[in-house]
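Values below: all heavy atoms of this structure, side chains included; hydrogens, waters and symmetry mates excluded. Proteins get letters first, then strands, A, B, ... in listed order; numbering begins at 1 in each. Since this is a predicted model, take the numbers as computed values, not measurements.
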Amino acid sequence: MAEQDLYNKIMELAKRRGFFWPSYEIYGGVAGFYDFGPYGVLLKKRIIEKWRKYIVENHSNYVVEIETPIIGPSKVYEASGHVASFTDPIVTCTKCGRKFRADHLIEDKLDIDAEGLSPEEMTKLIKEHNIRCPVCGGVLGEVKLFNLLFPTQIGPYEGNKGYLRPELAQGMFVAFKRVLEVMRGKLPLGIAQIGRVGRNEISPRQAMMRLREFTIMEMEYFIDPEDPDGSCPFYSKVEDEVLRIRTYEMKVRNEPPKEFTVKEAVESGVIIHKCLAYWMVVAKKFLNSLGVPDENMFFDEKGPHERAHYSSQTFDQMVKVSRWGWIEVAGHSYRGDYDLSRHMEYSGVDLTVFKPYEKPIKVKVKKAFIDKAYVGRRFKSEAKKILMEAAKIPEEKLIEAAERGTGITIAGYEIPAEAIKVVEREVKVTGRKFIPHVVEPSFGTDRIVYVAFEYSYREKAGRTILSLPRDVAPVQAGVVPLVEKEEALREKAIELYNLLVDNGFYVIYDDTGSIGRRYARMDEIGVPAVFTIDYQTLEDGTVTMRDRDTWKQVRLPFNEAPNALRRFLYDGVDIHELGTPVTVEGDGEG
RNA sequence: GCGGCGGUCGUCUAGCCUGGACUAGGACGCCGGCCUGCCAAGCCGGAGGUCCCGGGUUCAAAUCCCGGCCGCCGCACCA
């Protein structure tokens, strides 16, 4: 299969040229961990930089970035639900050794809700109902818990349990109060973070697609649930953009993804919130900018049972790769107020947001009182007891008893309706308190690095070219003297190298081997432009600039190189706009 | 975790079935020299290997057997 070869070619190139490779190689390797090498680090760094531009900097009035620890105390992950929900009850077949989700087996066979049962209870159910291995029919063993959190210990005391974070989100939720304060209490507020997470996957595979430790780029976008319009000030800019979406219903009916304009998707309820739709558009454009065309990308809605415990709607952003078909590169979830509510509950700290009204409003509020004079006259010494009991009764009940004329029984004494006084009072309210809702776009950086690699891999004239988008190419330019051993050319080349470095570029200089070999090396690591110093440079001070993708060259003055490179890398300018074309032997077709 | 297939210089690979002249061969890459006025050119020289790891069988193991690790594929798992 020619398509399968692409994966092999990429892994081979990545290893050979130093982009990435399996970690701990000299000790035989450990599944689920990958090293990034010199060019891989640069590539990943530039992809992260681009994400930061798309998500944070382009929305700097609303979105900020923070950094929080990789290790968290147990309490945080109890609150988030990970200690409970990130744990799978697993049962092993004693005959064939296959492992199954115990709760799923029980739910399927007995048609009951097995969630929240203890391992002992599940083992008992399996024994009682003689549930067998669904594959080989063998007897099942004890139900054991497997937790995907990496446990650790904070400090020297064993009781002080901690976990490696399985996602970045909790860092933002826990720091929410402080960040909101710093941002002067205003919503919408996006809190972004880029960092490493750990998940103790049972069986990681597929190279960098499923790792035990990886880098996530994530944002929690906090909004007022009652103000969808105000929450998404950028929405109108993207209304006419098109997203390819497969809703859960479409998936069930086995239909392919369909194009929706953002407006259609939001108005028809396909996407439940404008903000979710907006960030999906940004995410789509981000992947476009890394070389993924629209037709190789879509948003896949997760069904109710496929979603995480916190989510009310989730779309997986899927990208097509050669070997595995569609893989998830980002998730877009509506997390509601789940996380902040839980942290309020577990920490006891108020995480609500106060939003003042433009003008304080007057609200008519009904108040109900027991007529103390009546109670005192009527019940004498029992009055005190009755009134204390009455204070515990919810106000609505008293109002109801009075308005329906039924009266109420308190501490065994009948209080007639006439003894309950209801008054309407005007109260001034200056704003409201609420728990913000959260829209979360979350990206798997390492997968995206792989995707960028795959979409830029080209072969031309028997050579490999890594046609990375110019602005994420790890090395931005090369400088070479035309021939190896000519001192005058080398001096001039070093001078150009220094000029480019001083202008902030990442440049490599290479004077070994034939000129063709050096161009080939640069193409293979994706250097977008190579400047060549030739004999004409010594005569008229011009250099040539070569485009990695077309192999076309232009000639331009030495001192204009930095500016030309800037326009070439960041403005996407065609090489022909940067100088006068050069025709050389072997140009183009090599 | 289960089943199948695989693991040999930096990379790709020959050898393994049928154990011994394998001191593990080749290609590409890398390094040095000559040459070279624009696309992996040529010539000469060189460095580079725990044959994945451990154990066993044998006079003798890259080769056969067992266990482990790692990779790929299928199953399961992937809040």
Side-chain angles (χ1 to χ4, degrees), chain A residues 1 4 7-9 11-18 21-33 77 80-88 90-93 95-101 104-105 133-136 138 146-149 166-167 169 199-207 209-212 302 305-311 314 323-324 327-328 331 333 460-465 480-486 489 512-524 530 532-538 544 546 548 551-553 555 582-590:
Chain A
M1 263 207 255
Q4 281 214 352
Y7 167 81
N8 286 334
K9 285 175 183 172
M11 296 314 281
E12 189 266 322
L13 176 61
K15 237 196 246 182
R16 189 164 45 81
R17 286 300 188 189
W21 56 77
S23 301
Y24 307 111
E25 274 184 308
I26 66 163
Y27 288 106
V30 181
F33 298 94
Y77 292 101
S80 71
H82 285 91
V83 170
S85 306
F86 217 49
T87 305
D88 293 336
I90 282 185
V91 65
T92 308
C93 172
K95 196 175 156 201
C96 70
R98 287 190 173 83
K99 286 186 188 284
F100 303 94
R101 283 283 296 267
H104 290 177
L105 280 182
C133 170
V135 177
C136 78
F146 183 80
N147 196 302
L148 265 55
L149 291 171
E167 58 171 15
R199 299 179 185 182
N200 203 1
E201 296 282 350
I202 297 170
S203 166
R205 224 185 265 171
Q206 301 178 326
M209 303 309 114
R210 251 177 86 197
L211 297 170
R212 286 191 167 121
K302 302 270 93 180
H305 297 293
E306 301 166 315
R307 285 197 297 262
H309 55 271
Y310 49 71
S311 161
T314 295
R323 196 174 193 118
W324 302 294
I327 61 159
E328 179 194 346
S333 293
K460 178 174 176 180
R463 293 180 8 186
T464 302
I465 299 165
V480 298
L482 182 61
V483 287
E484 230 177 312
K485 297 285 150 73
E486 198 75 54
L489 295 183
T512 44
S514 73
I515 186 75
R517 178 181 300 256
R518 284 177 273 155
Y519 286 151
R521 277 201 284 253
M522 303 258 194
D523 285 347
E524 212 172 59
V530 178
T532 305
I533 305 296
D534 59 11
Y535 291 99
Q536 197 177 325
T537 308
L538 304 179
T544 68
R546 171 188 180 272
R548 170 194 69 197
W551 297 355
K552 300 278 184 217
Q553 293 190 58
R555 190 168 278 283
V582 178
T583 20
V584 285
E585 225 177 305
D587 182 21
E589 300 314 313

Whole-Å [atom1] distance, [N] and [M]:
N     : M     : atom1 : answer
B/C39 : B/G7  : P     : 40 Å
B/G71 : B/U8  : P     : 14 Å
B/C72 : B/A60 : C1'   : 34 Å
B/A24 : B/C34 : C1'   : 32 Å
B/A62 : B/U57 : P     : 16 Å
B/U63 : B/C22 : C1'   : 11 Å
B/G67 : B/G25 : P     : 32 Å
B/G56 : B/A61 : P     : 12 Å

So, does A/Arg548 use its side chain to make a donor-acceptor pair with the main chain of A/Asp523 at under 3.5 Å?
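Between the backbone of A/Asp523 and the side chain of A/Arg548 there is no qualifying donor-acceptor contact (under 3.5 Å).
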
Return the minimal non-hydrogen interatomic distance between [X] and [Y], and the atom names on each side.
X        : Y        : answer
A/Thr512 : A/Arg521 : O-NH2, 2.6 Å
A/Arg518 : A/Val480 : NH1-CB, 3.6 Å
A/Arg517 : A/Gly513 : CD-CA, 4.2 Å
A/Ile515 : A/Leu482 : CB-O, 3.8 Å
A/Pro166 : A/His82  : CG-CD2, 3.7 Å
A/Gly516 : A/Arg463 : O-NH1, 4.1 Å

How many Å lie between [atom1] on [X] and [atom2] on [N], as a whole number?
X        : N     : atom1 : atom2 : value
A/Glu524 : B/A40 : CD    : P     : 13 Å
A/Glu201 : B/A76 : CD    : C1'   : 13 Å
A/Ile26  : B/C53 : CD1   : P     : 13 Å
A/Arg199 : B/C78 : CZ    : P     : 12 Å
A/Met209 : B/C73 : CE    : P     : 11 Å
A/Arg463 : B/C38 : CZ    : P     : 14 Å
A/Arg518 : B/U36 : CZ    : C1'   : 10 Å
A/His82  : B/C78 : NE2   : P     : 14 Å

Establish, with yes or no, whether the OP1 or OP2 oxygen of [N] is under 4.0 angstrom from a side-chain nitrogen or oxygen of [X].
X        : N     : result
A/Arg323 : B/C73 : yes
A/Ser514 : B/U36 : no
A/Lys460 : B/C39 : no
A/Trp324 : B/C73 : yes
A/Tyr519 : B/C38 : no

Nearest-nucleotide 5' precedence on RNA chain B, A/Gly516 against A/Ala31
A/Gly516

Whichever of A/Gly29 and A/Ala520 has its nearest RNA chain B nucleotide further upstream toward 5'
A/Ala520

As an exercise, state the distance from OG of A/Ser23 to CG of A/Leu211, rounded to the nearest 0.5 Å.
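One finds 8.5 Å between OG of A/Ser23 and CG of A/Leu211.
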
Nucleotide of [options] approaching [X] most closely (side-chain heavy atoms):
X        : options             : answer
A/Arg210 : B/G74, B/C77, B/C38 : B/C77
A/Glu12  : B/U36, B/U11, B/C38 : B/U11
A/Tyr535 : B/G37, B/C2, B/C78  : B/G37

Taking any heavy-atom pair under 4.0 Å as a contact, classify [X]: base, sugar-phosphate, or nothing.
X        : value
A/Ile515 : sugar-phosphate
A/Glu484 : base
A/Leu13  : nothing
A/Thr544 : base
A/Pro166 : base

Determine whether the aromatic ring centres of A/Trp324 and A/Tyr7 lie less than 6.0 Å apart.
yes

My understanding is that a pair needs two contacts under 3.5 Å, Watson-Crick or G-U wobble. By that rule, which nucleotide pairs with [N]?
N     : answer
B/G20 : B/C59
B/U11 : B/A27
B/C39 : none
B/G71 : B/C5

Heavy-atom donor-acceptor pair, [X] side-chain to [N] base, under 3.5 Å:
X        : N     : answer
A/Arg212 : B/C78 : no
A/Asn8   : B/C72 : no
A/Arg546 : B/C39 : yes
A/Glu25  : B/C70 : no

Could I get a table of every N or O pair under 3.5 Å where one atom is in the protein and the other is in nucleotides 24-31 of chain B?
residue: B/C30; atom: OP1; partner: A/Arg521; partner atom: NH1; Å: 2.3
residue: B/C30; atom: OP2; partner: A/Arg517; partner atom: NH1; Å: 2.7

Apply the side chain to side chain donor-acceptor pair (under 3.5 Å) test between A/Arg555 and each candidate in A/Thr544, A/Thr537, A/Asp534; give the one that qualifies.
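Only one of A/Thr544, A/Thr537, A/Asp534 forms a side chain to side chain donor-acceptor pair (under 3.5 Å) with A/Arg555, namely A/Asp534.
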
I'd like to know if A/Glu167 and A/Arg199 make a salt bridge, using a cut-off of under 4.0 Å between side-chain N and carboxylate O.
no

